[in-house]
Amino acid sequence: MKYKIEVLEEKIKNALKELGYETEIVIINPSNRPELGDYQFNGIMPLAKIYHKNPVEIANELVSKIKDFPEIKEASVAGPGFINLTFTDELLLEFMNDSEKDITSNYNLGINKTIVLDYGGPNVAKVLHVGHLRSANIGEALKRLCNAVGCTTISDVHQGDWGRPMGMVILEIKNRYPDLAYFKEDYNGEYVDFEITNEDLIELYPIATTKAKEDPEIMEKARTITYELQNKHKGYYALWQSIVKTSLDEVKKIYKDLNTTFDYWYGESDNFEYMDKTLEFLYSKNVITDSEGAKVIDVKEETDKLEIPPLIVIKSNGAVSYEATDLACLYERMQDFKPDEVWYMTDKRQELHFTQTFRASYKSGLVPTSTKLVFNGFGTMNGPDGKPFKTRDGGVMPLKDLLDMVTIECEKRLMETITENRDKIARVIAVAAIKYADLLPYRATDYNFDIEKFTDLNGKTGTYLLYSTIRMKSLLQKAKENNIEFNEMKNISNNAIKKIIIAMLDLKRVIKRSFENCSLNEITEYLYKITNLYNNFYADNKVLTEENLENRESFLALTKIIYDNNCYLLNILGINIPEKM
């Protein structure tokens with residue numbers, strides 16, 4: 001079934017054609033002045049330029065043609081040729097009742113693509129911190145949005161587990177425990193009675209990296225260990241496996257709290273298995289050249305306004321570069337998944353790296369031009385003062401500490417009447433507050449995280465949305481308990497209801513725009529708007545005690561539609577709804 005607005009747009013396009021005006025597309029949008037109409041068509045002016053006619057004349061011709069459409073109650077011309085459209089109640093009610101039967105019909109855009117989404121990016125042996133928050137939240141929500149519009153998705157955490165930091169950590173362990181069997185020349189894979197905890201890694205990682213950065217000799221030893229690890233040195237590799245397991249067990253707990261999931265937990269080590277094949281492919285395409293002892297791919301283009309340096313494949317010391325690992329990752333993904341698109345969610349400051357990687361992939365033919373590579377860079381989350389979010393001692397705040405801090409705040413401010421499952425409910429509310437605040441600004445925008453502001457029950461917050469949605473659920477439950485039956489909307493008895501319906505008509509356009517922009521701010525803004533409109537209606541109408549039976553049935557059907565829609569939108573954002581607040 002075609003979306004109501006799409007059907008009307010097609011009919012207007014055909015009407016223009018019958019009048020002698022050809023146009024590729026007709027788009028109607030919600031009116032900025034509701035007193036003049038529900039929707040507006042602003043496409044007359046471009047046609048007037050093409051056909052050298054007065055736009056008002058064309059607009060009047062079109063209005064005379066479409067004013068008798070069964071969907072249109074009134075059509076009129078305003079200003080230099082804008083057309084205002086007021087819809088019939090029959091169209092609005094039919095749309096809402098169709099939505100009540102299947103809320104997903106407003107989301108599925110019929111986009112039949114396979115999209116690989118690369119997000120998360122935790123570094124093994126390093127604690128997840130607030131800098132990892134946006135990648136997880138944006139990536140998870142975009143994945144769910146892709147599924148909603150009809151795409152098949154493949155998600156990969158792409159963990160950092162194979163680079164020099166691992167060599168630094170293993171070196172620090174070796175210096176502390178030199179007698180471990182892992183470090184003996186005759187080690188052959190036997191069990192080693194050595195347990196490393198996540199707390200150990202939290203303490204080890206910063207010490208190991210600081211020592212290596214400050215002492216060139218230690219750095220060189222770390223490089224050597226990294227090289228030997230990547231060549232499957234039995235002892236280092238076995239210790240590495242233990243480190244990876246310990247680190248990922250903790251990482252998965254935090255991602256579970258954030259409702260973030262992945263189809264694959266691949267790391268750089270998995271991509272490295274494809275390195276030989278990738279290098280062989282690149283050499284066969286004659287795209288690799290020598291540059292000061294390194295092997296590089298020239299990726300600059302004539303239209304570049306800024307200098308784009310060559311992509312380094314193999315460093316002058318013979319080590320394979322981080323960029324080459326990403327090329328091997330793309331090689332693997334093309335072989336395994338044959339995606340239509342690959343989306344990367346990382347800090348926007350990595351744009352140059354991805355520009356180089358994408359160009360090298362296309363230039364070499366590693367990725368066909370038919371496959372779209374997309375870099376979805378995001379801004380940083382800062383503290384209330386606009387500075388990087390830090391702990392009290394000035395360190396980078398662990399993500400777990402942020403979750404705990406917001407959970408405590410939610411429990412203190414919002415849960416006075418709740419006695420059971422307080423910890424669990426507070427965590428769900430805290431995650432909602434964090435996620436909504438994180439997804440509210442445009443993806444590439446930096447924003448300031450203010451705990452008091454983002455846990456406010458009356459603001460544009462996740463807590464406000466949860467509370468409102470739970471109240472809708474409670475209202476529907478009370479209707480059921482009191483045997484009040486309802487099936488569909490029967491009428492539009494006041495303007496508050498019409499405002500809600502007009503906003504619902506705009507939903508598909510919001511979803512389409514959000515998908516095209518790879519950003520969730522359109523959805524977060526829309527979710528607040530539709531919830532606020534419903535709350536305005538609720539404040540002025542007694543839903544359960546309405547005496548007019550037809551009105552009451554319409555009120556309850558409307559409540560169910562908005563409740564179902566809120567649940568669906570919150571789910572796209574990765575936000576769970578607690579039983580109560």
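Along the sequence shown, the residues carry numbers beginning at 1.
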*Taking the six-membered ring of Tyr205, is the NZ or CZ of Lys126 close enough (under 6.0 Å from the centre) and on axis enough (within 45°)?*
no

*Any donor-acceptor pair under 3.5 Å linking the side chain of Trp240 with the backbone of Asp161?*
yes

_Before you tell me yes or no, could you show the steps for Lys400 and Asp257 under salt bridge (Lys or Arg N to Asp or Glu O under 4.0 Å), namely the whole-Å CA-CA distance, both residues' side-chain angles and the distance that decides it to 0.1 Å?_
CA-CA 9 Å; Lys400 183 179 182 300; Asp257 266 356; over 6 Å; no

*Kindly check if the number of other-residue, nucleotide or ligand heavy atoms within 6.0 Å of CD1 (Ile312) is above 12?*
no

_Salt-bridge present (Arg144, Glu140; N to O < 4.0 Å)_ = yes

_Exercise: do Tyr534 and Thr559 side chains pair donor with acceptor under 3.5 Å_ = yes

_Any donor-acceptor pair under 3.5 Å from Ser519 side chain to Ser514 backbone_ = no

*Any ion pair linking Glu579 and Lys473 (charged N to carboxylate O, less than 4.0 Å)?*
yes

*Backbone N or O of Cys518 within a donor-acceptor pair of the Arg443 side chain at under 3.5 Å?*
yes

*Any side-chain donor near an acceptor of the partner, Asn576 and Asn259, under 3.5 Å*: yes

_Please enumerate all residues that pass salt bridge (charged side-chain N to carboxylate O under 4.0 Å, His left out) together with Glu273, with sequence neighbours excluded._
Lys232

*Hey, does Ile5 have a side-chain heavy atom less than 4.5 Å from the side chain of Phe95?*
no

*Look at Arg134 together with Asp347 and state whether they make a salt bridge at an N to O cut-off of under 4.0 Å.*
no

*Would you indicate whether the side-chain heavy atoms of Thr455 and Val406 approach each other to under 4.5 Å?*
yes

*Without hydrogens or angle criteria, can the side chains of Asn565 and Tyr107 be said to hold a donor-acceptor pair below 3.5 Å?*
yes

*Pick one: which of Phe354, Phe358, Phe515 meets ring-ring contact (aromatic ring centres under 6.0 Å, His included) with Trp343?*
Phe515

*Can a donor-acceptor pair be found between the side chains of Lys338 and Thr371 at a distance below 3.5 Å?*
no

*Could you verify whether a donor N or O on one side chain and an acceptor N or O on the other, from Ser155 and Asp263, lie under 3.5 Å apart?*
yes

_Glu332 bridged to Lys277 by N-O distance under 4.0 Å_ = no

_Quick check against the 3.5 Å criterion: does Asp304 have a side-chain atom that pairs as donor or acceptor with the backbone of Glu301?_
yes

_Under a 3.5 Å cutoff, is there a donor and acceptor pairing between the side chains of His129 and Asp401?_
no

_Are there over 12 heavy-atom neighbours, none belonging to Glu280, within less than 6.0 Å of that residue's CD?_
no

*So, is the end of the Lys560 side chain (NZ or CZ) under 6.0 Å from the ring centre of Phe486 and within 45° of the ring's axis?*
no

*Using a distance-only test with no angle check, is there a side-chain donor-acceptor pair under 3.5 angstrom linking Asn517 and Glu522?*
yes

*Can you measure from OG1 (Thr152) to CG (Asn147) and round to the nearest 0.5 angstrom?*
7.5 Å

*asked:* Taking Lys435 first and then Asp438, would you say they form a salt bridge - that is, a charged N and a carboxylate O separated by under 4.0 Å?
replied: no

*Just wondering, are more than 12 heavy atoms of other shown residues or ligands nearer than 6.0 Å to NZ in Lys499?*
no

*Does the side chain of Met275 come within less than 4.5 Å of Val320's, by heavy atoms?*
yes

*Salt-bridge test for Lys13 and Glu24: reply yes if a basic N is under 4.0 Å from a carboxylate O, no otherwise.*
no

_Among residues at least two apart in sequence or on other chains, which ones pass ring-ring contact (aromatic ring centres under 6.0 Å, His included) with Phe281?_
none

*State whether a side-chain donor-acceptor pair under 3.5 Å links Ser99 with Asn106.*
yes

_Assess, by modelled atom type and distance only, whether the side chains of Thr246 and Asn198 contain a donor and an acceptor separated by less than 3.5 Å._
no

*Would you check if there is a donor-acceptor pair between the side chains of Tyr464 and Asn535 at a distance under 3.5 Å?*
yes

*Should the pair Glu71-Lys4 be classified as a salt bridge under the 4.0 Å nitrogen-to-oxygen rule?*
no

*Is it true that Glu516 and Lys512 have a side-chain N and a carboxylate O under 4.0 angstrom from each other?*
yes

_Basic-acidic side-chain contact under 4.0 Å: Arg427, Asp404_ = yes

*Give a yes or no answer on whether the side chain of Asn97 reaches the backbone of Leu93 with a donor-acceptor pair at less than 3.5 Å.*
yes

*Is there a donor-acceptor contact under 3.5 Å linking the side chains of Asn271 and Thr325?*
no

_Does either side chain, that of Lys143 or that of Tyr119, offer a donor lying less than 3.5 Å from an acceptor on the other one?_
yes

*asked:* Working note: Lys348 + Asp446, criterion salt bridge (Lys or Arg N to Asp or Glu O under 4.0 Å); need CA distance, chi angles, decisive distance, verdict.
replied: CA-CA 10 Å; Lys348 63 185 179 183; Asp446 299 342; 3.7 Å; yes

*asked:* Hydrogens and angles aside, do Thr260 and Asn137 bring a side-chain donor and acceptor to less than 3.5 Å of each other?
replied: no

*Just by distance, do the side chain of Ser247 and the backbone of Ile243 share a donor-acceptor pair under 3.5 Å?*
no

